[in-house]
Protein chains: 2
Amino acid sequence: MKRPTIADVARRAGVSKGAVSYALNGQPGVSEATRQRILAIAAEIGFSPSSAARALSGATANAVGLALCRPARILGIEPFFMELISGVEAELSARSYALTLQVVADQEAEIAVYRRWWAERRVDGVFVCDLRTDDRRIPALEELQLPAVVIGGPGHTGSLTSVWSDDAAALVETVEYLVALGHRRIARVGGLPSLLHTEIRTDAFGEVCRRLGLDEAATVWSDYTGEEGARATRRLLSSANRPTAVIYDNDVMAIAGLSVAQEMGLAVPGDLSIVAWDDSPLCQLVHPPLTALGRDIPAYGAHAARQLLAVIAGEPVTGLQDETAHLTPRGSTAPPRRG
Amino acid sequence: MKRPTIADVARRAGVSKGAVSYALNGQPGVSEATRQRILAIAAEIGFSPSSAARALSGATANAVGLALCRPARILGIEPFFMELISGVEAELSARSYALTLQVVADQEAEIAVYRRWWAERRVDGVFVCDLRTDDRRIPALEELQLPAVVIGGPGHTGSLTSVWSDDAAALVETVEYLVALGHRRIARVGGLPSLLHTEIRTDAFGEVCRRLGLDEAATVWSDYTGEEGARATRRLLSSANRPTAVIYDNDVMAIAGLSVAQEMGLAVPGDLSIVAWDDSPLCQLVHPPLTALGRDIPAYGAHAARQLLAVIAGEPVTGLQDETAHLTPRGSTAPPRRG
DNA sequence: CTGAAAGCGCTTACAG
DNA sequence: CTGAAAGCGCTTACAG
C-alpha cells in the first residue's frame with residue numbers, strides 16, 4: 001500500500017500543495033469551503049503528513065523524550081513509573097505528540113542521549129526524573145537549550161521548569177499522626193540517598209522529630225527493592241530499642257517490611273506500625289492493608305506533559321506545585337501496645 | 001547552541017556532503033583514512049544526522065512503536081509490561097533504534113494509531129501485544145504492510161512473525177505438580193477471557209484435569225486486578241466443595257488471593273495452596289512467599305525486538321519460541337491437610 | 001484567497 | 001575514490 005502524500009491530496013482537491021498545508025494546519029490562506037473539502041479528502045484517503053518532512057521543514061518533531069535511569073527489576077516492580085508514563089502519554093496523545101522512551105544506565109549515558117536526541121532533532125523536549133542535588137543533567141540541558149521539564153523538586157532545577165509535590169509537608173503530617181497515636185520511637189527506611197527527594201524527606205524527618213522531641217529518629221538507607229527493604233527492617237527490628245513505627249519510602253519496601261515483622265513474630269499494628277509512601281493498589285493487597293501516603297501519579301504525569309508542551313510552544317510557564325500526598329490510614333497503624 | 005549539520009562536517013573535513021554520508025553509514029566510496037578523519041570530526045563537533053532528514057530521504061525512521069491497550073492502574077501494578085519494555089528498549093538502543101510508546105483505549109484506537117504511524121512514516125515497525133482470537137489488528141497490519149512482530153501466540157498471527165512461550169506446557173506442569181502433592185480439587189483464577197493466552201491456558205487446564213480425572217476443575221474469570229482477584233477467591237473459597245489449590249493468572253491476583261485466605265482463617269499452604277503466574281519480585285515479598293511460574297520477561301522483550309529489527313531489515317525470520325515458564329516452589333504450596 | 005518556488009538536511013544514483 | 005545534483009514531503013515567505 002502506497003502512503004498518500006500532500007501532492008495526492010492537492011491533486012484530488014485541485015489546489016496547490018501549499019493550500020493543503022494551510023488547510024491542514026489551520027492557517028489562513030484558504031477559504032473555509034476549500035479547507036473543509038481538503039480535510040474531507042485527506043481523511044478519505046488516510047493522509048497524515050510525514051512527521052519527517054514536517055520536522056525537516058522547520059516545524060517541530062511532535063515528539064518528546066523520557067529517559068529512565070533505573071534497572072529493569074526496579075522499573076518493573078515500582079508502579080510509579082508506569083503510572084507516570086500513562087499520565088504523560090494520555091496528555092501527549094491528546095495533542096498528537098509521541099513519546100520516545102529510552103532506558104539508560106547512568107547520568108552520563110542519559111546526557112549523551114539528550115545530546116543525540118537534540119542533534120537528531122528527534123524530540124522537541126524532554127522530561128527529567130529522579131533529580132539529584134548538583135544534577136549534571138541540568139546544565140547540560142541548559143547548554144543545549146533543549147526544552148525540558150523537571151519532574152521533581154523544589155529547587156535544584158536551574159532555569160528549567162519543574163512540577164513537584166511537597167514531600168516535606170507530607171512527611172511531617174505522617175510523623176505527627178504517628179505521634180498522636182502515641183508513638184515515640186519512629187524509624188524510616190529511605191530510598192536512594194543520592195536522590196533529591198530522599199534528601200528533602202530526610203531533612204524534614206530530622207526536623208520534625210527534633211521539634212516533637214522524639215527519641216533517636218533513625219533513617220536507614222535502601223534502594224527501593226523488597227530485598228533491601230527487608231534487610232533494613234530486620235536491622236531496625238533487631239536493635240536494642242526497636243522502633244514502634246516505621247515509614248518506608250516506597251510501597252514495595254513497606255510490604256517487604258510487613259513480611260519481616262510477621263516472620264519475626266511481631267504483630268502489625270500491635271507491635272509495629274507501618275506507613276508506605278506511594279499508595280499503589282499493592283498496599284491493599286496485603287494483610288493488614290497498609291496505611292499509605294498517596295497522590296494521583298497519572299495526573300502528575302499529565303501536568304508535567306502540559307508544562308512541557310507549553311515550554312515547547314514558547315508560552316510563559318512558572319512551574320507547578322502539584323497536590324501534596326495525603327495519608328490514608330488503614331490497618332497497619334495503631335497506638336503502640338504498652339510494654 | 002546551533003545544531004551541527006552534515007555540511008559543517010564536510011566543510012571542516014574539506015570533502016563533499018556525500019562523502020560524509022558514506023563515511024558515517026559505512027558505505028564504500030571513501031578511503032579508510034578519510035572515513036576516520038570524518039568520524040573524528042563528527043564526534044568532535046557532536047554531530048548526529050537529523051533523523052527527520054534521514055527518514056525523508058528514503059532511509060528508515062529508526063524508530064519502532066509499541067501501543068499498550070490497558071488502563072493506567074493495570075499497567076502500573078503489573079510488572080510484566082515495564083519489564084517487557086525494559087528488555088525491548090535495551091535491544092533497540094543497542095542498535096540505535098528509538099521506541100515510541102502510546103497508550104490506547106481499545107483495538108479500534110490501536111489500529112488508528114498504526115495507520116497514523118504508517119502514514120506519518122513515524123515508525124519502521126510495531127510490536128503487537130495481548131493477542132486475541134480473530135484479532136482485527138492482524139489484517140489491518142497486513143494491509144498496511146507495516147513490519148510487525150506479535151508478542152504472543154502460537155497461532156492466530158496471520159502472516160506476521162511472532163515470539164511466544166508455551167503456556168499450555170507450563171500449566172500442565174503446574175497441575176501435575178499439585179496433583180503429585182495430593183491435590184484433587186484445583187481451581188484457577190483466569191485473566192481476561194478475550195485474550196488468546198487466557199484461552200490457551202483454559203483449554204490446557206481443562207484437558208489436563210480431564211486426563212488426570214480431577215473433580216470439577218473450575219475456572220473463574222478476573223481482570224488481573226487485586227480487587228477482582230480477591231472477589232474471585234472469596235467466591236471459590238465460599239463454595240460447598242472448596243478447592244485445596246488455586247492457580248492465578250498473574251501475581252497480583254495471587255497476592256490478593258493469599259490475603260483473602262488469611263482473612264477467611266484458612267492457612268496457606270495448610271488449607272490452601274497458591275500458585276502465581278508471573279514470578280515477579282512481588283511473590284517473594286509476601287508471607288509465605290508464593291510458588292510461581294516465571295520466566296525472563298526482559299529477555300522475551302529483547303528477543304521480540306531482535307525479530308522486529310530483522311523483519312524491518314528484510315531478513316528471513318521464522319518466529320521464535322521463547323523459553324517455557326518454569327515452576328519455582330516456595331512456601332505457598334504443600335500437600336493438602338487431611339480433613 | 002491562491003500558486004510557484006525555495007529550503008529544511010540528509011541519501012544515493014550518476015558522472016568524472 | 002570523489003563531487004555535483006536530484007529528490008524525499010513537507011512549510012512558509014513571496015508574488016500575484
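As the structure is a prediction and not an experimental result, all values here were calculated from the model.
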Spacing between [X] atom [atom1] and [N] atom [atom2], to the nearest angstrom:
{"X": "E120(A)", "N": "dT11(C)", "atom1": "CD", "atom2": "P", "result": "11 Å"}
{"X": "F47(A)", "N": "dG9(D)", "atom1": "CZ", "atom2": "C1'", "result": "8 Å"}
{"X": "I38(B)", "N": "dT11(C)", "atom1": "CD1", "atom2": "P", "result": "12 Å"}
{"X": "R11(B)", "N": "dG3(D)", "atom1": "CZ", "atom2": "P", "result": "15 Å"}
{"X": "I6(A)", "N": "dG9(D)", "atom1": "CD1", "atom2": "C1'", "result": "8 Å"}
{"X": "R37(A)", "N": "dC1(C)", "atom1": "CZ", "atom2": "P", "result": "14 Å"}
{"X": "L24(B)", "N": "dG9(C)", "atom1": "CG", "atom2": "P", "result": "16 Å"}
{"X": "D8(A)", "N": "dC8(D)", "atom1": "CG", "atom2": "P", "result": "12 Å"}

Of the candidate nucleotides [options], which contains the atom at the shortest distance from the side chain of [X]?
{"X": "S31(B)", "options": "dT11(D), dG9(D), dC1(D)", "answer": "dC1(D)"}
{"X": "Q27(B)", "options": "dG3(C), dG9(D), dT12(C)", "answer": "dT12(C)"}
{"X": "V30(B)", "options": "dC10(D), dG9(C), dT2(D)", "answer": "dT2(D)"}
{"X": "R54(B)", "options": "dC8(D), dC10(C), dC10(D)", "answer": "dC10(C)"}

Practice item. Please check if the side chain of E323(A) supplies one atom and the backbone of D296(A) the other of a donor-acceptor pair under 3.5 Å. Key: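 A pair under 3.5 Å: yes.
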Point to revise | N62(B) backbone acceptor or donor facing D124(B) side chain under 3.5 Å | key: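 Checking the backbone N and O of N62(B) against the side chain of D124(B), a donor-acceptor pair under 3.5 Å is found.
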**Study point:** Quiz item: cation-pi between R295(A) and Y300(A), 6.0 Å / 45°
**Key:** yes
Check your understanding: Is the distance from OP1 or OP2 of dG9(C) to the nearest side-chain N or O of R121(A) less than 4.0 Å?
Key ->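 True: R121(A) side-chain N/O within range (under 4.0 Å) of dG9(C) OP1/OP2.
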Review point. Think T34(A) has a side-chain N or O under 4.0 angstrom from the OP1 or OP2 of dC1(C)?
Key: no
Practice item. Under the salt bridge (charged side-chain N to carboxylate O under 4.0 Å, His left out) rule, what do R3(B) and E120(A) come out as? Steps first, then yes or no, please. Key: CA-CA 9 Å; R3(B) 292 178 172 90; E120(A) 292 180 343; over 6 Å; no
Only counting residues at least two apart or in another chain, list the ones meeting side chain to side chain donor-acceptor pair (under 3.5 Å) with [X].
{"X": "S16(B)", "value": "none"}
{"X": "E91(B)", "value": "R306(B)"}
{"X": "R54(B)", "value": "N25(B)"}

Check your understanding: Does the pair E108(B)/R136(B) count as a salt bridge with the N-to-O cut at 4.0 Å?
Key -> yes
Check your understanding: Looking for any heavy atom pair under 4.0 Å, which part of the strands does S21(A) touch: base, sugar-phosphate only, or nothing?
Key ->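 Counting heavy atoms under 4.0 Å across all strands, the contact made by S21(A) includes a base.
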Exercise for review: Apply salt bridge (charged side-chain N to carboxylate O under 4.0 Å, His left out) to E142(B) and list each qualifying residue two or more places apart in sequence or on a separate chain.
Suggested key: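 Per chain and number, E142(B) pairs via salt bridge (charged side-chain N to carboxylate O under 4.0 Å, His left out) with no residue.
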Exercise for review: Count the heavy atoms belonging to other residues, nucleotides or ligands that lie under 6.0 Å from CG of D134(A), then report whether that count exceeds 12.
Suggested key: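 Atom CG in D134(A) is not packed in, count stays at 12 or less.
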Revision key, fill the gap. In DNA chain D, stems of three or more consecutive pairs, Watson-Crick or G-U, each with both distances under 3.5 Å, turn out to be C:1-3 with D:14-16, C:5-12 with D:5-12, C:14-16 with D:1-3
Collect all protein-nucleotide pairs involving nucleotides 4-7 of chain D in which both atoms are nitrogen or oxygen and the distance is under 3.5 Å.
none

